[in-house]
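Letters A, B, ... are given to chains in the order of the sequence lines, protein chains preceding strands, and every chain is numbered from 1. Excluded from the calculations below are hydrogen atoms, water molecules and symmetry mates; all remaining heavy atoms, backbone and side chain alike, are included.
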2 protein chains.
Amino acid sequence: MKTEGRRSETGVVTLLTWLSKALNRRTSEELLGMRLKAYLALGYVREHPGTTQHELESAMLMDANGVVIILNELEALGYSIRRRDPNDRRRHIVELTESGKRALEGADKARESIEDDVLATLTPDERETFRSLIQRVLDGLMQAVPEPRL
Amino acid sequence: MKTEGRRSETGVVTLLTWLSKALNRRTSEELLGMRLKAYLALGYVREHPGTTQHELESAMLMDANGVVIILNELEALGYSIRRRDPNDRRRHIVELTESGKRALEGADKARESIEDDVLATLTPDERETFRSLIQRVLDGLMQAVPEPRL
DNA sequence: TATTGTTATACTCTATAACTATA
DNA sequence: TATAGTTATAGAGTATAACAATA
């Protein structure tokens, strides 16, 4: 990627695109024990108990179809279950199984190890700064326009 | 995406994956005047004159096939040309056309405008910090293992 | 024989629309 | 009629391997 020799101002969009691609290459399915998407979805469900599929759609920036595919996959693995919302029987509430919680914790460890590797050039302080900056950018984006073009 | 209500330590891998996805949604083809991939490739060629396709492969984290597809696209638009390397006639050297340079400059402006929008929540100082942190992480990654798993 | 680039092919992902059930 | 979820299908994107030209 040879970014060191770059003239001066490679855009943040460009840099982030590359970084994300490099991250995806390292975050392999073997390490996580599941696909990255499944890990992200499972993590979201853990932080937001009682989530519906509709909420997952907007939260994960996926379409309804994609959510179904991921949940089918997670259920096949025994990591999550869908049950009907008694208050509105059109809705499905997504919940983690015990097995799913354990798998998620294992994947968390793998992710932390990947991050230690990826962020090796940063000091602990810089890592925290980096994390909080990304978080703030994300919060700003989500607050501004939840669904840019859909 | 609702990251504000999150427990505490959503991983950097997770945050970056979301951010990249949100960025892709905003960086539309109409705004850039070309696809994001084409823009990235064109930008790389500008910063690295005399690049071969093989170099583009590793630089852009693409396979040989993908490079061919992008270059076909760029040539069809009249933005770049391939010519044989006289020193090693197996190689193709990629160069920008005048039209390609102009298109790239236009895309740069669009990208800057997107970035202003995306990084709106950060102060100018924070933006520069953010940029340099990403840059350092990338440099570290590329230096450590140019091709993680290929 | 190894390397560079191309082509062909298959696989995955994403997006769209049609369908079912509930409201 | 509108919404939540599912299914089916088509298009784009990505990866694999076979191939041609050159070293």
Side-chain angles (χ1 to χ4, degrees), chain A residues 17-18 20-30 34-41 45 48 50-76 80-95 147-150, chain B residues 17-18 20-30 32 34-41 45 50-76 80-95 147-150:
Chain A
T17 303
W18 280 342
S20 173
K21 197 159 190 175
L23 272 182
N24 280 332
R25 296 229 164 179
R26 287 169 183 257
T27 314
S28 68
E29 191 169 342
E30 309 103 73
M34 64 188 85
R35 295 194 306 144
L36 177 56
K37 281 201 161 184
Y39 171 69
L40 296 176
V45 173
H48 299 84
T51 295
T52 64
Q53 296 186 207
H54 192 69
E55 187 183 337
L56 267 174
E57 277 178 48
S58 56
M60 310 294 294
L61 292 181
M62 295 200 303
D63 53 10
N65 185 18
V67 172
V68 169
I69 290 171
I70 294 280
L71 290 181
N72 287 348
E73 190 179 312
L74 287 173
E75 279 191 13
S80 71
I81 53 166
R82 279 171 280 202
R83 60 178 184 78
R84 289 213 171 270
D85 182 345
N87 299 320
D88 182 343
R89 287 185 47 73
R90 290 174 303 184
R91 291 189 158 121
H92 282 167
I93 293 177
V94 184
E95 287 172 348
E147 292 290 312
R149 51 188 66 253
L150 210 71
Chain B
T17 303
W18 280 342
S20 173
K21 196 160 190 174
L23 272 182
N24 279 332
R25 296 226 164 181
R26 286 169 184 258
T27 314
S28 69
E29 189 168 343
E30 308 104 76
L32 275 187
M34 64 187 85
R35 295 195 306 143
L36 177 56
K37 280 201 161 184
Y39 171 69
L40 296 176
V45 173
T51 294
T52 64
Q53 297 187 206
H54 192 67
E55 187 183 338
L56 267 175
E57 277 180 47
S58 56
M60 309 293 295
L61 293 181
M62 295 201 304
D63 54 10
N65 185 19
V67 173
V68 169
I69 289 171
I70 293 279
L71 290 182
N72 288 347
E73 190 178 312
L74 286 174
E75 280 191 11
S80 72
I81 53 166
R82 281 171 279 201
R83 59 178 185 77
R84 289 214 172 269
D85 182 346
N87 298 322
D88 182 343
R89 290 184 45 74
R90 290 173 305 183
R91 291 189 157 125
H92 282 167
I93 292 177
V94 184
E95 288 172 348
E147 292 292 311
R149 51 188 65 255
L150 211 69

Which nucleotide, [options], lies nearest any side-chain atom of [X]?
{"X": "A:Arg25", "options": "D:dA15, C:dT22, C:dT6", "value": "D:dA15"}
{"X": "A:Gln53", "options": "D:dG5, D:dT7, C:dT6", "value": "D:dG5"}
{"X": "A:Asp88", "options": "D:dA4, C:dT4, C:dA23", "value": "C:dA23"}

Approximate separation, where rounding is to 0.5 Å, of [X] [atom1] and [Y] [atom2]:
{"X": "A:Ile93", "Y": "A:Thr52", "atom1": "CD1", "atom2": "OG1", "value": "8.0 Å"}
{"X": "B:Glu29", "Y": "B:Met34", "atom1": "CD", "atom2": "CE", "value": "9.5 Å"}
{"X": "A:Lys37", "Y": "A:Glu73", "atom1": "NZ", "atom2": "CD", "value": "9.5 Å"}
{"X": "A:Glu57", "Y": "A:Glu55", "atom1": "CD", "atom2": "CD", "value": "11.0 Å"}
{"X": "A:Leu71", "Y": "A:Leu56", "atom1": "CG", "atom2": "CG", "value": "6.0 Å"}

So, is [X] near the phosphate of [N], with a side-chain N or O under 4.0 Å from OP1 or OP2?
{"X": "A:Arg90", "N": "C:dA21", "result": "no"}
{"X": "B:His92", "N": "C:dG5", "result": "no"}
{"X": "B:Arg84", "N": "D:dT22", "result": "no"}
{"X": "B:Lys37", "N": "D:dT14", "result": "yes"}

Point to revise | Distance-only donor-acceptor test (3.5 Å): side chain A:Asn65, base C:dT16 | key: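 Yes.
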Taking [atom1] from [X] and [atom2] from [N], how many angstroms apart are they, rounded to a whole number?
{"X": "B:Glu55", "N": "C:dT3", "atom1": "CD", "atom2": "C1'", "answer": "16 Å"}
{"X": "B:Asn72", "N": "D:dG13", "atom1": "CG", "atom2": "P", "answer": "14 Å"}
{"X": "B:Ile81", "N": "C:dG5", "atom1": "CD1", "atom2": "P", "answer": "15 Å"}
{"X": "B:Ile70", "N": "C:dT6", "atom1": "CD1", "atom2": "P", "answer": "13 Å"}
{"X": "A:Asp85", "N": "D:dA4", "atom1": "CG", "atom2": "P", "answer": "11 Å"}
{"X": "B:Arg91", "N": "C:dT3", "atom1": "CZ", "atom2": "P", "answer": "11 Å"}
{"X": "A:Asn24", "N": "D:dG13", "atom1": "CG", "atom2": "C1'", "answer": "14 Å"}
{"X": "A:Ile69", "N": "C:dC11", "atom1": "CD1", "atom2": "C1'", "answer": "14 Å"}

Practice item. Assign each of A:Arg35 and A:Pro86 to its nearest nucleotide of DNA chain C by heavy atoms, then name whichever residue's nucleotide is nearer the 5' end. Key: A:Arg35
Exercise for review: Assign each of A:Ala64 and A:Asn87 to its nearest nucleotide of DNA chain C by heavy atoms, then name whichever residue's nucleotide is nearer the 5' end.
Suggested key: A:Ala64
Exercise for review: Look at all strands and tell whether B:Asp63 reaches a base, only sugar-phosphate, or nothing, counting heavy atoms closer than 4.0 Å.
Suggested key: base
